[in-house]
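So the structure is just underneath, and the comments pick up after that.
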Amino acid sequence: MEIEGVAVDIDGTITDKKRSLNCRAVEALRRLKVPVVLATGNMPCFARTAAKLIGVSDTVICENGGVVRFEYDGDDVVLGDKEKCYRALEVIRSRYEVELLDDAFRKSEICLRRTFPREEAERMVEGMGVRILDSGFAYHIVDAEVSKGKALRYVADHLGLDVGKFVAIGDSHNDIDMLEVAGIGVAVANADVELKRVADIVTSKPNGDGVVEALEFLGLI
């Protein structure tokens, strides 16, 4: 299959548990001849800074698909409805003490510390039009109408590329939709069991070393 682009998660995929970037993965991503789109649960300012540091395209998917930003365009495209998330938050607060993360900077979702059972919280907000995703570092209350996968399709269409010719690489629950939409889905060795089930390729190495392994296997570097 001709590969037209690579979408890659950041935390836990090209970083380790301490959120340190894997330099081998950075070097490999810089060498690619196709567009590289960072797809993260993080907010836009983090994602674009990471893109600059890594040396890839400024086109990024942020907040689990709730926000998209394109290279050379300073405006965020907000795809998610944060008001839905606030309503769900109040329901969760009725039972659990919660701690918000970076709320002033997030435009489409609510990010929370992982201090309560996600599955129980999901049952509490069922029917409210939201999902609760686990990035491995935080919980994210997101508009059910958005996902990394839908955002990747949106980005590919905008760039005139075929999303079915993208490689998507991730490690967590919030990457499932992205791997399902892409032509080739890759889960690094440290990935969630759920993600490994939907992946076409599961690497033998974790984190950034797994990214390099996958790119080498696919003949991209």
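Computation of the quantities below employed the complete heavy-atom set of this structure, encompassing side-chain atoms and omitting hydrogens, waters and symmetry-equivalent molecules.
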So does I54 get a backbone contact from the side chain of R30, meaning a donor-acceptor N/O pair under 3.5 Å?
yes
Residue list, side chain to side chain donor-acceptor pair (under 3.5 Å) with S135, at least two apart or on another chain:
H140
Of all residues at least two apart in sequence or in a different chain, which pass the side-chain contact (heavy atoms from CB on, under 4.5 Å) check with V36?
V8, L29, L32, V56
Show me the donor-acceptor pairs within less than 3.5 Å that the side chains of residues 152-168 make with the rest of the protein, sequence neighbours left out.
| residue | atom | partner | partner atom | Å |
| --- | --- | --- | --- | --- |
| D162 | OD1 | G164 | N | 2.8 |

Sequence-distant partners of K107, salt bridge (charged side-chain N to carboxylate O under 4.0 Å, His left out), two or more places apart
D76
Taking side-chain contact (heavy atoms from CB on, under 4.5 Å) as the test, write out the residues that go with A191, two or more places apart.
D171, A187, L195, K196
Sidechain-backbone polar pair: D175 side chain, M178 backbone, donor-acceptor under 3.5 Å
no
Within residues 177-186 or reaching into it, pairs that qualify as salt bridge (charged side-chain N to carboxylate O under 4.0 Å, His left out) - sequence neighbours excluded:
R131-D177
Got a salt bridge between E120 and R123, using NZ or NE/NH1/NH2 to carboxylate O under 4.0 Å?
yes
Side chain D192, main chain H173, donor-acceptor under 3.5 Å:
yes
Centroid separation under 6.0 Å, is that true for the rings of F46 and F105?
no
Using atom types as modelled and distance alone, determine if a side-chain donor or acceptor of S20 lies under 3.5 Å from a backbone N or O of D16.
no
I'd like to check the side-chain contact (heavy atoms from CB on, under 4.5 Å) partners of S108; sequence neighbours left out, ordered by chain and number.
E63, V67, V78
Donor-acceptor under 3.5 Å (K150 side chain, E145 main chain):
yes
With sequence neighbours excluded, what pairs up with E213 under the side chain to side chain donor-acceptor pair (under 3.5 Å) test?
S204
Contacts of type side chain to side chain donor-acceptor pair (under 3.5 Å), residue D103, not counting sequence neighbours
K82, Y86
Answer with yes or no whether the side chains of N174 and N64 bring together a donor and an acceptor at under 3.5 Å.
yes
Taking salt bridge (charged side-chain N to carboxylate O under 4.0 Å, His left out) as the cut-off, I'd like each qualifying pair that reaches into residues 108-118, sequence neighbours left out, listed once.
E99-R113, R106-E109, R114-D134, R118-E122
What I want to find out is whether R24 reaches D209 closely enough, with some N-O distance under 4.0 Å, to be called a salt bridge.
yes
Hey, is the main chain of T15 close enough, under 3.5 Å, to the side chain of N207 for a donor-acceptor pair?
yes
side-chain contact (heavy atoms from CB on, under 4.5 Å) partners for V91, two or more places apart:
M124, V125, M128
Pairing residues for T40 by the side chain to side chain donor-acceptor pair (under 3.5 Å) criterion, not counting sequence neighbours:
N42
Taking atom CD of E90 as the centre, report whether more than 12 heavy atoms of other residues, nucleotides or ligands fall under 6.0 Å from it.
yes
